[in-house]
Amino acid sequence: MAPPRGEVDTSSATATTKTTSSNKSRVDKDGNAATASTTAMEQETTIGPDLNGSKPPLDTKLYRQIMLPNGLWCLLIQDTVAMHQHDGQPMGFSSDDEDDEEEDEDAEMDEEAKTTSKKSSRGRGKKQKGDSDDENDDEGNDDEGGDDDDDGDSEDEEYDGGGIRDAAAALLVGAGSAYDPIECQGMAHFLEHLLFMGSEKYPGENEFGSFVSKHGGCDNAWTDLEYTVYHLSIPQEYLWPALDRLVQHFVAPLLLESAVDRELQAIESEFQLNRPSDECRRSQLICATSEADHYYSKFGWGNLRSLRDIPKKAHGVDPLKELRTFFNRYYYAANMRLVVMGANTLDQLQKQVQDIFCQIQALPRVDPKQQQQEECATTAPELPLPVDPQEITSWKANENYNSPLAKMGSPFTQKTSLQKIFRIVPLKQRHKLVLTWPIPAQIDKWKGKPCEFVSHLLGHEGAGSLLSYFRKCNWATGCSAGVGDDEQASSHWFFTFSVTLSKEGLKEWKQVVSAVYAYIGMLRMYSLGSTSTSSSATTESGGWPVWLYDELKQIDQVSYLYSDEESPEDVVCGLVENMAPHYKIPPARVLDGFALLFEFDVNGIHDLLEKYLPPTNARIDLTSSDFGKYAEMDLSLDPDSTDTRVHNLIIHEEEEVFDPKAWKPQIEPNFETFFWCSEVPAKLLEEWDKLAQPQKPLLPFSLPQENPFVPSKYDLKEL
């Protein structure tokens, strides 16, 4: 039988190791890496909570968490599978000198190894989907950073067993596109590109990428809303030379002016690749119609227009100076997380990681007084430090992380988004309806995951479900519900319900929305019967069925306990995202905190249904090729425009039958998406609100039936 999922001791181990930290570095206004010597002092590396008791039983890897003296939280993974492939022995280390001798022979490989941004495959927000939902059909990418550039390799591809599998590492920086200065939108993505164009120790342009490529590895990066991830995989014997080259870009990058134009062109190419994606276009339209003073309204993708033309034309700003300030302000050890997986013992991994990564500056390099003297035209205020400088080496620092974005709240207001209908012209032939409710960030509800519970009910496909009803009416072919990975932020989350409509469903879209609120009304009826003192209420007493939570908990447990072995690169990328500062996950729960249910949060479910899913708190996006063909729209963006968001949103009065020819469409200025906006009529809101009241549904809805095939015991029967 599998071991019980008991609580893991969250206290740090007493073991410590000595390491030396002896330099401070910063990037000056001319792009030179300056180093100020400080008195070397011995400091301690502390070992964090043991994760080996919370890993799945089939996972043979060994884990150790360490906190470096500069505040860098590291997760070390001893790859016992690779060691077994190497006759059970740890791998040796390649000679740096030998690697350097080979550098000149392969200089022509520089261009082939350029680091590009990549789409993340995260598992934090679980969306329940119908089998025909086309949400992922787009060839584009929903994330801010651009497209996946992994040469067609599947991220979920299992290890094929050939030879000794690679080592891997991922480093996360707690700053993404949300931190872009308003004058240079896309700055975080721009830094992701330019960072690897040489360092003080390894000045060759793209020397890191060339080294990794030459030795049969691969490296990549992506920019998200609140963090940026850099990762690599490489044959075991070259891991440490590769990491030594990697770390120098976070210690003393050159940020060469000569590489700026080329990397801006690379960003523009990524943007153009994602521009045909209807999901990306809708996502940016949501940003562009959010509140103007909210960070969510920025254009995080970045392109030539936002990073080169607008900064100089509208603000007189030098993007490279802005970029150096961005690096000095956010790229410091206490704002980073690291995962390293290799065929070495945990002690060997710890020694190497200490020696290499203690070089990163502990806190921001920018002194406020000195920054005022620098020739930087930015008007973006410096955000407050999210960590206490005196506690950066504490194992409570992550839980005490204070995101500077958290207090900004929802980017949706009634003025711009709520109670509005946005009709969007797609590039592909499609009809899609999306309801979006802004809710408070649920970061502190990781134990009970109320959103997962509600999305499980809204998104199920069996008898009595919304999807079953839609199919009987010939209105839809698929649906999904929940909070996606790109819909979570420190300040807010977006809970969405999306439906892939048929032609008939497009005509009856108001009835589709009515059905959704009728189902929510039924859920509210069950929720009102459950309280914090009666979390196991039965249907007879008006609460949730006792088996409903248990079944969902068991499904999550089976998925976690018997998950497939992932590639080293997928392992380190997934775990480093779990450790992202703004998620504030306790270190003891890095492995299973986002995968399992630990409690039935009936109050959280009640608040979600009662406070945040009413019709007055929703935005409606209706995408249809029946609204017009993009190529035939007689409208274009003003070439002299410096807008990155929609100013002066025109809101029409909703008509009984929408006629796209009656109104001139508006245009989103980045993807150039055509759309119309109208107000949801008060009478319709009132009708939906009545349907959403706690009551037995008038439509043929019911909760999912109990599934007798969900296992609760995992031991094998004796023969």
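Starting from 1, each residue takes its place in the sequence as its number.
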Side-chain touch [X]/[Y], heavy atoms, less than 4.5 angstrom:
X: W240; Y: L349; result: yes
X: K584; Y: W446; result: no
X: F357; Y: F250; result: no
X: C74; Y: V340; result: no
X: N303; Y: S306; result: yes
X: V212; Y: R245; result: no
X: H582; Y: Q488; result: no
X: L307; Y: I267; result: yes

**Asked** Where do Q78 and T345 land on the side chain to side chain contact (heavy atoms under 4.5 Å, CB included) test, with the steps shown first?
**Response** CA-CA 6 Å; Q78 179 178 327; T345 66; 4.2 Å; yes
**Request:** Could you check V173, L194, L191 and say which one makes a side-chain contact (heavy atoms from CB on, under 4.5 Å) with F327?
**Result:** L191
**Message:** Checking Q248 against Q359: is there a side-chain donor and acceptor pair closer than 3.5 Å?
**Reply:** yes
**Asked** Are side-chain N/O atoms of Q185 and T644 paired as donor and acceptor at under 3.5 Å?
**Response**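 Yes, side-chain donor-acceptor contact under 3.5 Å.
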Looking at [atom1] of [X] and [atom2] of [Y], how far apart are the two atoms once the value is rounded to the nearest 0.5 Å?
X: E183; Y: E322; atom1: CD; atom2: CD; result: 5.5 Å
X: M187; Y: H189; atom1: CE; atom2: NE2; result: 12.5 Å
X: L575; Y: L51; atom1: CG; atom2: CG; result: 8.5 Å
X: L239; Y: I356; atom1: CG; atom2: CD1; result: 7.5 Å
X: K61; Y: K55; atom1: NZ; atom2: NZ; result: 8.0 Å
X: L591; Y: L75; atom1: CG; atom2: CG; result: 7.0 Å

**Prompt:** For E257, does the CD atom have more than 12 heavy-atom neighbours from other residues, nucleotides or ligands under 6.0 Å away?
**Reply:** no
**Message:** Test side chain to side chain donor-acceptor pair (under 3.5 Å) on Q350 and T45; report intermediate values, then the result.
**Reply:** CA-CA 9 Å; Q350 180 173 328; T45 293; 5.5 Å; no
**Request:** Answer yes or no: is there a donor N or O on one side and an acceptor on the other, between the side chain of E200 and the main chain of A252, under 3.5 Å?
**Result:** no
**Request:** Report yes or no: does K298 contribute a side-chain atom to a donor-acceptor pair with the main-chain N or O of A178 at less than 3.5 Å?
**Result:** yes
Minimal non-hydrogen separation, [X] against [Y], with atom names:
X: E226; Y: S403; answer: OE1-OG, 3.7 Å
X: L68; Y: I66; answer: CD2-CD1, 3.8 Å
X: F326; Y: G176; answer: CZ-O, 4.1 Å
X: L596; Y: Y560; answer: CD2-CB, 3.6 Å
X: Y295; Y: M408; answer: CD2-SD, 3.3 Å
X: P581; Y: L172; answer: CD-CD2, 3.6 Å

**Asked** For A168, which residues count as a side chain to side chain contact (heavy atoms under 4.5 Å, CB included) partner, sequence neighbours excluded?
**Response**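 For A168, the residues satisfying side chain to side chain contact (heavy atoms under 4.5 Å, CB included) (neighbours in sequence not counted) are S233, P568, V572.
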**Request:** Go through the structure and list residues passing side chain to side chain contact (heavy atoms under 4.5 Å, CB included) with P411, not counting sequence neighbours.
**Result:**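 So P411 forms a side chain to side chain contact (heavy atoms under 4.5 Å, CB included) with S290, H294, Y296, H492, F494.
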**Message:** Between K351 and D347, does any side-chain N to carboxylate O distance fall below 4.0 Å?
**Reply:** no
**Request:** May I have the step-by-step check of side chain to side chain contact (heavy atoms under 4.5 Å, CB included) for T393 and E44, ending in yes or no?
**Result:** CA-CA 9 Å; T393 58; E44 292 182 345; over 6 Å; no
**Message:** Is there a side chain to side chain donor-acceptor pair (under 3.5 Å) between T228 and E192? Walk through the geometry before answering.
**Reply:** CA-CA 8 Å; T228 304; E192 172 212 310; 5.8 Å; no
**Request:** Quick one: do W493 and C451 satisfy side chain to side chain contact (heavy atoms under 4.5 Å, CB included)? Show the steps, please.
**Result:** CA-CA 10 Å; W493 283 17; C451 290; 4.3 Å; yes
Side-chain donor-acceptor contacts of residues 331-339 below 3.5 Å, not counting sequence neighbours, with atom names and distances?
unit_1	atom_1	unit_2	atom_2	d
Y331	OH	Y230	OH	2.6
N335	ND2	G174	O	3.1
N335	ND2	Y330	O	3.1
R337	NE	M579	O	3.1
R337	NH1	A334	O	3.4
R337	NH2	N398	OD1	2.8

**Request:** Might you work through the side chain to side chain contact (heavy atoms under 4.5 Å, CB included) test for V576 and V229, ending with a clear yes or no?
**Result:** CA-CA 8 Å; V576 84; V229 174; 4.2 Å; yes
